[in-house]
Protein chains: 2
Amino acid sequence: MENQQDKKSQIIRSGLELINEHGFHGCPISQVAKKAGVAAGTIYTYFESKEEMIQGIFQDVIQKQHREVTSKDDPNLPFKERFFSFWDNLLEFYSENPDIQGFLEQFLKSPYNSEELQAKHPEWFQWTQNFYLDGIKEGAIKDLNPIILKILVNESAQSLAKVKKNFAQKLERNQVDLSSYPYLIWDAIKAN
Amino acid sequence: MENQQDKKSQIIRSGLELINEHGFHGCPISQVAKKAGVAAGTIYTYFESKEEMIQGIFQDVIQKQHREVTSKDDPNLPFKERFFSFWDNLLEFYSENPDIQGFLEQFLKSPYNSEELQAKHPEWFQWTQNFYLDGIKEGAIKDLNPIILKILVNESAQSLAKVKKNFAQKLERNQVDLSSYPYLIWDAIKAN
DNA sequence: ATAGAGTGAATGAACGTTCAATCATAATCA
DNA sequence: TGATTATGATTGAACGTTCATTCACTCTAT
């Protein structure tokens with residue numbers, strides 16, 4: 001039923017909001033339920049436990065990110081253009097979905113995250129891997145293990161998104177212009 | 001009394017261990033006390049609440065990091081050398097203190113962290129700021145707002161330390177050599 | 001009539017915090 | 001010196017709260 005999907009989505013949305021705002025501490029099942037407009041017990045028809053709910057949220061969020069970012073990539077463009085487009089798309093995605101950004105920020109650094117869990121989402125991992133392999137084949141970027149490139153670029157994007165969201169005042173006060181950031185990253189990975 | 005300082009240190013050490021291993025969830029006061037070899041109530045002679053304890057741990061950890069890293073810096077060397085030395089020192093510090101690395105990783109991304117709290121530790125902030133200003137004055141790195149440089153370098157160091165600690169197996173399996181990482185970062189910030 | 005989604009009060013475990021009692025040490029006095 | 005008192009750290013059982021989870025029941029759609 002679409003009604004059922006709606007409920008599950010509502011629960012995920014509530015969890016995202018609460019975790020972004022108050023961290024894992026501040027998202028008791030009771031509140032998730034309240035915000036989602038369902039009873040506490042209902043959550044257990046969609047998830048076996050709170051832990052599974054949080055992992056379900058991660059799954060949902062990674063899929064969304066994958067869909068959003070890959071759909072906007074054009075493999076026929078020169079890699080440099082693809083890179084800057086990738087960067088912009090990722091940051092736009094985070095800026096339009098601050099709850100997702102906040103959730104990922106905390107989840108990825110938490111003990112919830114693990115090698116095994118990441119291995120459950122091969123699409124995103126594979127796609128980024130191939131993305132950088134394309135760049136290497138084209139001779140546009142350094143011939144390094146794509147895992148290193150992935151770490152550098154994706155973690156930097158996360159860092160920048162975090163800073164933009166959480167330290168807005170400080171940036172304003174110090175008149176920091178972050179637009180140069182992707183160029184720095186490009187300088188790091190481009191072939192020399 | 002030195003005995004009192006010992007107890008406080010023990011409490012901090014226990015908190016660090018538990019948070020690194022199980023996250024903020026997995027460090028109830030009862031366990032912190034047990035691991036530190038004190039009674040639960042004792043913690044409240046050193047900290048007013050659990051929240052203050054965690055912020056106290058942060059304070060302690062930032063001071064240690066500041067002392068460790070700055071003491072090994074030689075401002076008379078060319079900036080390029082200072083940069084690679086800074087990088088090595090920071091990563092060595094994290095690798096020798098995995099509890100600190102794990103704590104910072106989670107704390108910095110958690111709602112515990114805030115602009116106000118960071119402002120309470122101006123030594124570290126000031127020092128890194130001046131470090132990059134030195135590099136700019138020398139003409140060794142790009143003339144950017146030092147805040148951007150700090151974000152890029154420090155967050156990258158955090159990322160690398162995290163990956164080294166948490167994804168050891170994956171790196172092994174894929175024969176990833178991370179030694180090129182600081183050179184990528186240098187390419188990102190060096191003057192062109 | 002049936003099946004399954006939805007409910008929310010009930011449950012018991014776990015948590016942070018408190019505090020009366022205990023202990024160790026230092027200070028004071030005879 | 002030895003006895004007595006004062007000080008403040010330390011203890012851990014007890015308290016009140018909050019939490020995840022359960023389940024007997026109701027509702028809804030077929």
Side-chain angles (χ1 to χ4, degrees), chain A residues 1-60 102-103 106-107 110-114 117, chain B residues 1-60 102-103 106-107 110-114 117:
Chain A
M1 291 283 128
E2 45 187 0
N3 221 350
Q4 282 181 44
Q5 266 310 320
D6 272 13
K7 284 229 163 96
K8 189 168 179 180
S9 298
Q10 271 306 320
I11 292 167
I12 289 177
R13 211 192 314 280
S14 302
L16 275 175
E17 266 182 59
L18 283 166
I19 290 169
N20 174 43
E21 216 164 326
H22 306 111
F24 291 113
H25 297 89
C27 83
I29 290 288
S30 58
Q31 293 239 30
V32 177
K34 198 177 180 183
K35 211 182 245 284
V38 300
T42 304
I43 290 174
Y44 289 84
T45 61
Y46 296 101
F47 302 102
E48 289 214 335
S49 67
K50 189 187 177 184
E51 176 132 357
E52 276 216 358
M53 182 192 77
I54 289 170
Q55 296 189 355
I57 293 175
F58 177 65
Q59 184 146 346
D60 189 75
F103 171 83
Q106 293 179 66
F107 184 89
S110 80
Y112 286 118
N113 191 15
S114 66
L117 192 65
Chain B
M1 289 281 135
E2 43 185 0
N3 219 351
Q4 281 182 48
Q5 264 311 317
D6 272 13
K7 285 231 163 93
K8 188 168 180 180
S9 299
Q10 271 306 322
I11 292 167
I12 289 177
R13 210 190 315 278
S14 302
L16 274 175
E17 267 182 59
L18 284 165
I19 290 169
N20 174 43
E21 216 164 326
H22 306 112
F24 291 112
H25 298 89
C27 85
I29 291 287
S30 58
Q31 294 239 29
V32 177
K34 198 176 179 183
K35 210 183 246 285
V38 300
T42 305
I43 290 174
Y44 289 83
T45 60
Y46 297 101
F47 302 102
E48 289 213 336
S49 66
K50 189 187 177 183
E51 176 133 358
E52 276 215 357
M53 183 191 76
I54 288 170
Q55 296 189 355
I57 294 175
F58 177 65
Q59 183 146 346
D60 189 75
F103 172 83
Q106 293 179 66
F107 183 90
S110 79
Y112 285 118
N113 192 16
S114 65
L117 191 64

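Below, all heavy atoms of this structure are taken into account, side chains as well, without hydrogens, waters or symmetry copies. Letters A, B, ... mirror the listed sequences (proteins, then strands); counts begin at 1.
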Between atom CD1 in A:I43 and atom P in C:dG6, what is the gap in whole Å? 12 Å
Starting from P on D:dA14, measure out to CD1 on B:I29 and report it in whole angstrom. 20 Å
Interatomic distance, A:N20 atom CG to A:F103 atom CZ [nearest 0.5 angstrom]: 10.5 Å
When the ring planes of B:F58 and B:F107 are compared, do they come out parallel, tilted or perpendicular, using 30° and 60° as the limits? parallel
Please state how far atom CE in A:M53 lies from atom P in D:dC19, giving the value in whole angstrom units. 13 Å
For C:dA5 and A:T45 - does any side-chain N or O of the residue sit under 4.0 Å from the phosphate oxygens OP1/OP2? no
Quick one: A:E51 CD to D:dC19 P, roughly how many Å, whole number? 18 Å
I'd like to know if the side chain of A:Q106 and the backbone of A:I19 have a donor-acceptor N/O pair within less than 3.5 Å. yes
D:dT10 C1' sits how many Å from B:D6 CG, rounded? 15 Å
B:Y44 side-chain N/O to D:dT11 phosphate OP1/OP2 under 4.0 Å: no
Interatomic distance where CZ belongs to A:F24 and P belongs to D:dA20 [whole Å]: 13 Å
Okay, side chain of A:S14, backbone of A:Q10: is any donor-acceptor separation there less than 3.5 Å? yes
Calculate the interatomic distance between B:K7 atom NZ and D:dG8 atom C1'; express it in whole Å. 12 Å
Counting only side-chain heavy atoms from C-beta out, which of D:dC19, D:dT10, D:dT21 sits nearest to A:P28? D:dC19
Candidate nucleotides C:dG6, C:dG16, D:dT21, ranked by approach to the side chain of B:K50 - the nearest: C:dG16
How long is the line joining CD of A:E48 and C1' of D:dT22, in whole Å? 14 Å
Where the side chain of B:A39 is concerned, which of D:dT11, C:dG6, C:dC15 is the nearest nucleotide? D:dT11
